[in-house]
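Remember, it's a predicted structure, so these values are computed and weren't measured experimentally. Remember, it's 1-based here, ligands and their atoms both numbered in the order they're listed.
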Amino acid sequence: MSTDTLSCEPSIFDVTAFDHDTSFAQVLQDLQTKGWSVLDDFFSEAFTQALIEEALVIETDNMLQAGVGRQKDHQIALNARRDYIQWIDPDTGVRGDFLEVMESLRTELNRRLYLGLFDYEAHFARYDKGAFYEKHVDAFKGKSNRVLSTVFYLNEEWEENDGGELVIYDEHNPDQELGRFLPKKGRLAIFLSECFYHEVRLSHKTRYSIAGWFRVNNTTGKSLDPDQ
Ligand code: OGA
Ligand code: MN
């Protein structure tokens with residue numbers, strides 16, 4: 001082992017070795033033409049498997065009941081959403097590898113689409129049987145620093161009748177469905193946070209994912225951006 005790969009928790013995955021060129025190019029093209037993208041096999045099979053294992057061992061005691069709103073407006077709204085989350089922090093091991101790929105996607109988005117994305121925050125999410133997240137947007141215009149939402153799915157077996165689909169609605173007509181996507185292992189959904197209403201349909205079994213947001217830095221004067 002060379003010294004530059006030494007760390008307390010060395011990564012067993014060379015995530016950068018997996019060729020992301022094609023999927024990144026597809027993401028860029030989709031975002032440019034329609035503002036959203038859903039891609040399969042975003043990571044290598046082995047890496048996705050490692051993320052699944054990571055998600056499966058998170059204990060509920062170490063998770064938060066997800067809420068709605070930010071900072072002082074934050075409240076747990078069980079009628080709106082019923083998932084448990086754990087922020088990816090600290091970002092070591094396989095979590096660090098995940099963030100590393102998202103970081104290279106961030107660079108690519110900035111380079112090609114001039115989005116000026118500043119950072120990326122992400123959390124594991126678990127929807128138990130009976131959980132859902134009602135139709136919402138992840139960012140209100142001018143009120144948030146979230147620009148792009150991502151959801152990476154970690155479910156080995158998922159059939160039509162298991163529910164839990166991500167539904168994305170039309171940007172200009174939020175009553176109109178653009179698509180329904182099963183939360184299948186290896187699938188990545190990415191969309192403009194302010195533009196697309198979306199929802200998680202009632203899940204009939206435990207559903208795992210990593211939700212994340214690319215953000216801009218809106219820091220002005222003395223007020224610092226909230227970090228979540
Ligand atoms: C979210 C969200 C969608 C999904 O966490 O804000 O909309 O498919 N998630 O899990
Ligand atoms: Mn959302």
Please list the nearest protein heavy atom to [atom] with its residue and the distance rounded to 0.1 Å.
atom                    : answer
atom 10 (O) of ligand 1 : Arg207 NH1, 2.9 Å
atom 1 (C) of ligand 1  : Tyr133 CE1, 3.7 Å
atom 8 (O) of ligand 1  : Tyr153 OH, 2.5 Å
atom 3 (C) of ligand 1  : Val200 CG2, 3.4 Å

Does the ring centre of [Y] sit less than 6.0 Å away from the ring centre of [X]?
X      : Y      : value
His123 : Trp213 : yes
Phe181 : Trp158 : no
Phe43  : Phe152 : yes
His198 : Tyr169 : no

For ligand 1, which atoms sit closer than 4.0 Å to a heavy atom of [X]?
X      : value
Asp138 : 6 (O)
Leu166 : 3 (C), 8 (O)
Ala211 : 5 (O)
His198 : 2 (C), 7 (O)

How does [X] reach ligand 1, if at all, at less than 4.0 Å between non-hydrogen atoms: by side chain, backbone, both, or neither?
X      : answer
Lys135 : neither
Glu199 : neither
Asp83  : neither

### ring-ring contact (aromatic ring centres under 6.0 Å, His included) partners of Tyr120, counting only residues at least two apart
Phe214
### Message
Within less than 2.8 Å, report the number of protein N/O/S atoms around the Mn ion (ligand 2).
### Response
3
### Salt bridge Arg146-Glu121, side-chain N to carboxylate O under 4.0 Å
yes
### Query
Any salt bridge between Glu157 and Lys184, counting N to O under 4.0 Å?
no
#### Entry: Arg207 charged N/C atom sitting above Tyr127 aromatic ring, 6.0 Å / 45°
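Relative to the ring axis of Tyr127, which defines the angle, Arg207 lies inside both limits.
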### Task
Would you verify whether the NZ or CZ of Arg187 falls within 45 degrees of the ring axis of Tyr153 while also being under 6.0 Å from that six-membered ring's centre?
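Cation-pi check for Arg187 and Tyr153: fails.
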## Note on the structure
Partner of Arg95 under salt bridge (charged side-chain N to carboxylate O under 4.0 Å, His left out), picked from Glu100, Glu53, Glu54, is Glu54
#### Entry: Approximate separation, where rounding is to 0.5 Å, of Glu159 CD and Lys205 NZ
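With rounding to 0.5 Å, CD (Glu159) is 7.0 Å from NZ (Lys205).
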